[in-house]
Structures are given as C-alpha cells and as structure tokens.
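The structure appears right after this line, and notes come after that.
From a predicted model like this one, the values you see are computed outputs, not experimental measurements.
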Amino acid sequence: MGAIIFILVMLGLYFVPSIIANTKKKKNAGAVLALNIFLGWTFIGWIVAFIWAVANDDKMPPVIVNTKSDASDLEKLSDLKTKGVISEEEFQAKKKQILGL
C-alpha cells in the first residue's frame with residue numbers, strides 16, 4: 001500500500017510542469033507535456049519543461065509603423081501657404097499641431 005502511494009506521489013511530481021502548463025492554459029501545453037514525458041527523466045529536461053511551463057507567454061504588442069513624416073507634412077503645409085491656399089495664422093496653427101507644440 002505504501003509503495004503505491006509513493007509511486008503516485010512521484011508520478012504527480014514528475015508531471016508538475018505539464019500540470020502547471022495545462023492549468024495556466026499555455027498555448028504550448030502539448031509541447032511541455034511531450035518534453036516532460038520524453039526528457040523529464042533526465043532532470044534537465046524536467047527543469048526545462050518546468051521553466052517553460054511557468055514562463056509568461058510572449059504577448060508582443062502590435063508594431064505600429066508611422067509611414068507619415070512630420071517633415072513631409074510641413075513641406076506640404078508650406079506649399080499650401082506659398083500658393084495662398086491657407087493664411088499665415090492657419091499655417092502657424094497647423095505647424096504647432098504637427099510638431100506637437
């Protein structure tokens with residue numbers, strides 16, 4: 001009876017990384033389980049599976065690329081002022097807005 005309890009406790013400890021990954025609903029929980037099963041017995045494999053299970057998933061924010069440049073906006077604004085489409089006051093107000101002043 002004592003041997004069965006010991007074996008169950010050891011199996012539970014062996015699969016701690018997989019249990020953690022599954023509990024945290026990791027996107028790669030299956031990979032953690034596979035690593036745990038096949039290399040967990042090497043102890044280094046168990047440590048790697050454990051670290052992988054407790055590490056945060058990489059949630060990179062989307063990269064926003066600003067394709068507009070302030071210089072080109074100012075150049076267009078200057079052209080509008082030169083052509084007389086906008087007044088000096090409008091030019092100055094818009095320039096401050098573009099430069100964030």
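- Taking CD1 of Ile20 as the start and CD1 of Ile51 as the end, the distance is 11.5 Å to the nearest 0.5 Å.
- The shortest heavy-atom contact between Val32 and Ser18 is O-OG, 4.0 Å.
- Here the CE atom belonging to Met10 is positioned 14.5 Å from the CD1 atom belonging to Ile5, to the nearest 0.5 angstrom.
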Apply the test side chain to side chain contact (heavy atoms under 4.5 Å, CB included) to residues Val48 and Leu39: give CA-CA distance (whole Å), side-chain angles for both, the deciding distance (0.1 Å), then the verdict.
CA-CA 9 Å; Val48 170; Leu39 294 176; over 6 Å; no
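- Hydrophobic cluster membership is shared by Val9 and Phe6, with clusters built from Ile, Leu, Val, Met, Phe, Trp and Tyr side chains linked at under 4.5 angstrom.
- No side-chain donor-acceptor contact under 3.5 Å links Lys81 to the backbone of Ser87.
- Going from atom CG of Leu77 over to atom OG of Ser72 covers 11.0 Å, rounded to the nearest 0.5 Å.
- Within 6.0 Å of atom CG in Leu8, more than 12 heavy atoms from other residues, nucleotides or ligands are found, so the atom counts as buried in its surroundings.
- Of the residues listed (Lys24, Lys25, Lys27, Lys26), the one engaging Asp57 in a salt bridge (Lys or Arg N to Asp or Glu O under 4.0 Å) is Lys26, and it is the only one.
- Scanning both residues, Leu74 and Lys95, for their nearest heavy atoms gives CD2-CG, 3.7 Å.
- Counting heavy atoms of neighbouring residues, nucleotides and ligands inside a 6.0 Å radius, atom CD of Glu75 does not exceed 12 of them.
- Taking a 6.0 Å sphere around CD1 of Ile44, one finds it holds 12 or fewer heavy atoms contributed by other residues, nucleotides or ligands.
- Phe50 and Phe43 fall within the same hydrophobic cluster, defined by Ile, Leu, Val, Met, Phe, Trp and Tyr side-chain heavy atoms under 4.5 Å apart, directly or through other members.
- Scanning both residues, Trp52 and Ala31, for their nearest heavy atoms gives CH2-CB, 3.4 Å.
- Taken to the nearest 0.5 Å, the CG atom of Leu35 stands 11.0 Å off from the CD1 atom of Ile47.
- Thr23 places a side-chain N or O within donor-acceptor distance of the main-chain N or O of Ile19, the cut-off being under 3.5 Å.
- Rounding to the nearest 0.5 Å gives a distance of 8.0 Å between OG1 of Thr82 and CZ of Phe91.
- Looking at Tyr14, its side chain never comes within 3.5 Å of a backbone N or O of Trp46 through a donor-acceptor pair.
- In this structure, Ile86 is a member of the same hydrophobic cluster as Leu99, with clusters built from ILVMFWY side-chain heavy atoms closer than 4.5 Å.
- Contact between Pro17 and Ala53 at its shortest, heavy atoms only, is O-CB, 3.2 Å.
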Run the side chain to side chain contact (heavy atoms under 4.5 Å, CB included) check on Ile37 and Phe15 step by step: do they pass? CA-CA 8 Å; Ile37 289 172; Phe15 286 106; 3.8 Å; yes
